[in-house]
Amino acid sequence: MKAKLPPYPHYSDVAQAWVGRTPAHWATSRGKNLFTLMSRSPRIDDEVVTCFRDGMVTLRRNRRTKGFTESVKEIGYQGIRKGDLVIHAMDAFAGAVGVSDSDGKSTPVYAACQPHAGVVAEYYALLVRHMALSGWITALAKGIRERSTDFRFSQFSSQDLPVPPTEEQQAIVKYTQHVDREVGETIRSKKQLVALLVAQKNTVAHQVVTCGMNPSVVTKESGYPWVATIPSHWEMVPIKRLLKESEYGTSKSPEGHGPIRILTMGNIRSGRVRVPKVGNSTGVPSGLTLQHGDLLFNRTNSPDLVGKVGIYDGPDDETISFASYLVRLRTRKDHCTKWLNYVLNSPAFWAYARGHALLSLHQANLNPTRYGQLAIPLPPKSEQEEIAKYLHESELKIDSAIERAEREIALLREYQTRLTADVVTGKLDVRAAAAALPNVDLRDPDLAEPYDVDEDGLHTGLDGNDVVKESM
C-alpha cells in the first residue's frame, strides 16, 4: 500500500518539533481549541470502559474479564460517551489513547475529550498514539516514575497539533483502518500458525516423556490422573527422589555484597531461564547463585503461572540470583536435568502441579515440600538422556519455524506503525487511495491485542519480562 502513496505537492517551511514539516494547506492549533475536557457523572447502568495500550477504548467485557487492577470503590468515576477521545494519563506514553466505541464510565485517570465541530476524534487518536510511540510524550515527562509518565489534558491541550481539513482527517482514518484490518488479519493467521506449532511441540514432548521412544512398548496404568499409562519398566516417583536440594531465592541483594541480578518469574519462558543482558556483579554468596543446569520453578505469585519451570543454561561464572518466590532445584547425578525439565514443562504435568497449589482469586502457593511430593514417570537414566536428545532436536526445528513467524509478525507491526506515522503527519497523501476504498465498518475486536500473549499464557509488557495489567 505504501508504494502507491505520493507525498503532498507542497509543504510548509516551518517544522513542528515532533511532527516535522506538514502539508502547506494544513493548519495548526492547540489541543484546547480542538477538544473540550468533559466532566460527567456516571449513570446507574453504566459499565466500565477501559482504554487499552493498542488504542481500543471499549467496555471492559468486550475484550477480557481477567488481568485488571480492580477498584474496591469507584471514587471519582466519570461518564464516558461514544465518540470521546480518551487519554489514559498514566499509560498514554505506551499508546493508551483512543476513541470510545461505547457509553460507560471510567476511572478519573482518563481524560474524556469531546471533539469540536469539524474535528475527527479518530484522527487525533492516531496522532497522539504517534506522539507516544515516537517517544514525544515520554520526553515531556517532568516526573521520575519508571516506565510511566503522566500525560493529562493540561499537557495535551497545550500541544501544537496539525489540523488537516475535515475531509482529509476522515480520509486518513479510513485508509489507516483498512491497513490495520489487512495487517491484523495477516498477523492473526501467523499467530494461529505459531499456536499450532506450539501445540505440536507440547504434544510430542508429552507423548515422549510419558511413553518413551518405543511406541510398541508394553505399558501399565500409572495410577495418576495426569498420565494414564507408562512403560511397564518405568515407575511413578515423587520429584523429591530426583533432587539433591531445593533452595528459596532472595528478595534483595545481601547487605555488603553489592548489586546482583535477581531473576523473576518473567525470566522463565518456554522452559528456559532467560537472563537480561546487564553487567556482571561480584561478591554474592555462592548459595544464592545459579549454575549451569539448575532448574527454577515459580512456587507462588500467580494462579496461572505457579509451577512454571525453566532450566538455566548459562555459564557458572555469572553472578545471578533469583526472587524469593522462585525455587532452585538441583538434580542428583544419576538423573538427567534436561529430561526432567521437559517432564516438568509438559502441559499435563503443569496442570497437575497447579491443581495442587493453594489456589485463590489472587494468590497461589506451591512450596518445595508439596512440589517435591508430586509424582512423575521415571525411566532409566539412559532413556532420560535419549528422550532429552530427541526432544532437543525436535524442538530446534519447530522453534525455528516459530521464530520465523514471530519475526514476520514483528516486521508487519513495524511496517504498520511507520506507515501510520507517515500518513497522520502528512508525509504521504492518502486522499486518492482512501477515495477508492469501500465505506465499511472495519472495527473487529478479534483483531485487537492489548498485549502479546506467549505460549506460556504470560501477558508480556513493553520489555517482555513483566506481567502487565491494564490499570484502573
Side-chain angles (χ1 to χ4, degrees), residues 53-54 64 67 180 182-211 213 263-277 293 295-298 302 304-305 307-314 336-351 353-354 386-417 446-468:
R53 288 186 174 187
D54 66 351
R64 52 189 171 89
D180 290 350
E182 184 177 318
V183 172
E185 288 177 343
T186 304
I187 288 176
R188 179 162 58 178
S189 66
K190 292 187 179 297
K191 276 183 162 286
Q192 289 171 344
L193 171 61
V194 170
L196 290 172
L197 290 169
V198 170
Q200 178 186 352
K201 183 168 66 171
N202 289 338
T203 299
V204 171
H206 178 71
Q207 181 177 355
V208 174
V209 299
T210 58
C211 299
M213 302 291 294
L263 304 181
T264 68
M265 64 179 174
N267 297 108
I268 301 177
R269 306 284 298 280
S270 304
R272 298 184 182 89
V273 175
R274 304 189 182 188
V275 180
K277 296 180 180 179
L295 296 175
L296 281 183
F297 96 86
N298 179 39
S302 167
D304 292 330
L305 297 174
K308 209 58 186 169
V309 180
I311 189 169
Y312 174 66
D313 56 6
C336 175
T337 304
K338 292 181 179 179
W339 158 80
L340 181 59
N341 187 48
Y342 283 117
V343 177
L344 301 183
N345 274 288
S346 165
F349 173 80
W350 187 31
R354 285 187 296 147
E386 183 183 16
I387 289 170
K389 180 181 178 181
Y390 172 81
L391 289 178
H392 174 69
E393 293 173 352
S394 173
E395 202 173 60
L396 287 177
K397 297 176 183 177
I398 297 176
D399 284 347
S400 177
I402 291 173
E403 289 172 7
R404 188 162 53 248
E406 290 177 339
R407 197 161 50 243
E408 292 170 353
I409 289 172
L411 289 173
L412 283 166
R413 286 178 171 153
E414 181 181 343
Y415 161 81
Q416 181 183 20
T417 299
D446 291 336
L447 297 179
E449 300 170 292
Y451 309 109
D452 287 339
V453 180
D454 67 15
E455 64 268 30
D456 299 334
L458 179 68
H459 292 274
T460 60
L462 297 183
D463 61 6
N465 286 332
D466 299 327
V467 172
V468 178

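The residues of the chain are indexed from 1 along the displayed sequence.
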Student: With the side chain counted from C-beta on, respond yes when Phe349 and His206 share a heavy-atom pair under 4.5 Å apart, and no when they do not.
Tutor: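 Answer no - side chains too far apart.
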Student: Got Val275 and Asn267 here, is their nearest side-chain heavy-atom distance under 4.5 Å?
Tutor: no
Student: Atom CD in Gln207, atom CE in Met213: separation rounded to 0.5 Å?
Tutor: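 One finds 10.0 Å between CD of Gln207 and CE of Met213.
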Student: Can any side-chain N or O of Thr203 pair as donor or acceptor with the backbone N or O of Ala199 at less than 3.5 Å?
Tutor: yes
Student: Looking at every non-hydrogen atom in both residues, tell me the closest pair between Leu193 and Ala405 and how far apart they are.
Tutor: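 Closest heavy-atom pair between Leu193 and Ala405: CD2-CB, 4.4 Å.
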Student: What distance do Asp180 atom CG and Asp54 atom CG have between them, rounded to the nearest 0.5 Å?
Tutor: 10.0 Å
Student: In Å and rounded to the nearest 0.5 Å, what is the NZ to CD distance from Lys190 to Glu185?
Tutor: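 Nearest 0.5 Å value for the NZ-CD distance: 13.5 Å.
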Student: Do the non-hydrogen side-chain atoms of Thr186 and Leu412 ever get within less than 4.5 Å of each other?
Tutor: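 Yes, at least one pair of side-chain atoms sits under 4.5 Å.
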Student: Can you find a pair of side-chain heavy atoms, one from Thr337 and one from Asn341, that are under 4.5 Å apart?
Tutor: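 Not in contact.
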Student: Give the minimum heavy-atom separation between Leu197 and Ala401, together with the two atoms involved.
Tutor: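 Heavy atoms of Leu197 and Ala401 come nearest at CD1-CB, 3.8 Å.
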Student: Rounded to the nearest 0.5 Å, what's the gap from OH on Tyr312 to CG on Leu295? Could you check?
Tutor: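 These two atoms lie 13.5 Å from each other.
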Student: Between His392 and Lys389, is there a side-chain heavy-atom distance shorter than 4.5 Å?
Tutor: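 The answer is no; the side chains never approach within 4.5 Å.
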Student: Is there a donor-acceptor pair under 3.5 Å between the side chain of Thr417 and the backbone N or O of Arg413?
Tutor: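 Pair found, side chain donor or acceptor close to backbone of Arg413.
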Student: Under 4.0 Å between a Lys/Arg side-chain N and an Asp/Glu carboxylate O for Asp399 and Arg272?
Tutor: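 Looking at Arg272 together with Asp399, the answer is yes, because their closest N to O distance falls below 4.0 Å.
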Student: Less than 4.5 Å apart, any side-chain heavy atom of Trp339 and any of Val343?
Tutor: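 Contact flag for Trp339/Val343 side chains = yes.
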Student: Can you confirm whether Trp350 sits close enough to Lys308 that some side-chain heavy atom of one is under 4.5 Å from a side-chain heavy atom of the other?
Tutor: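 Yes - at least one pair of side-chain heavy atoms lies under 4.5 Å apart.
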Student: Quick check against the 3.5 Å criterion: does Asn345 have a side-chain atom that pairs as donor or acceptor with the backbone of Val309?
Tutor: yes
Student: Do Ile402 and Val198 have side chains that approach each other closer than 4.5 Å (heavy atoms only, starting at C-beta)?
Tutor: yes
Student: In this structure, are over 12 heavy atoms from other groups packed under 6.0 Å from Glu408 atom CD?
Tutor: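 For Glu408, atom CD is crowded (more than 12 foreign heavy atoms under 6.0 Å).
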Student: Looking only at heavy atoms, which two atoms of Ala205 and Leu391 are closest? And how far apart?
Tutor: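 Ala205 and Leu391 have their closest heavy atoms at CA-CD2, 3.7 Å.
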Student: Dump the intermediate steps for side-chain contact (heavy atoms from CB on, under 4.5 Å) on Tyr342 and Ile387, then the final yes or no.
Tutor: CA-CA 9 Å; Tyr342 283 117; Ile387 289 170; 5.6 Å; no
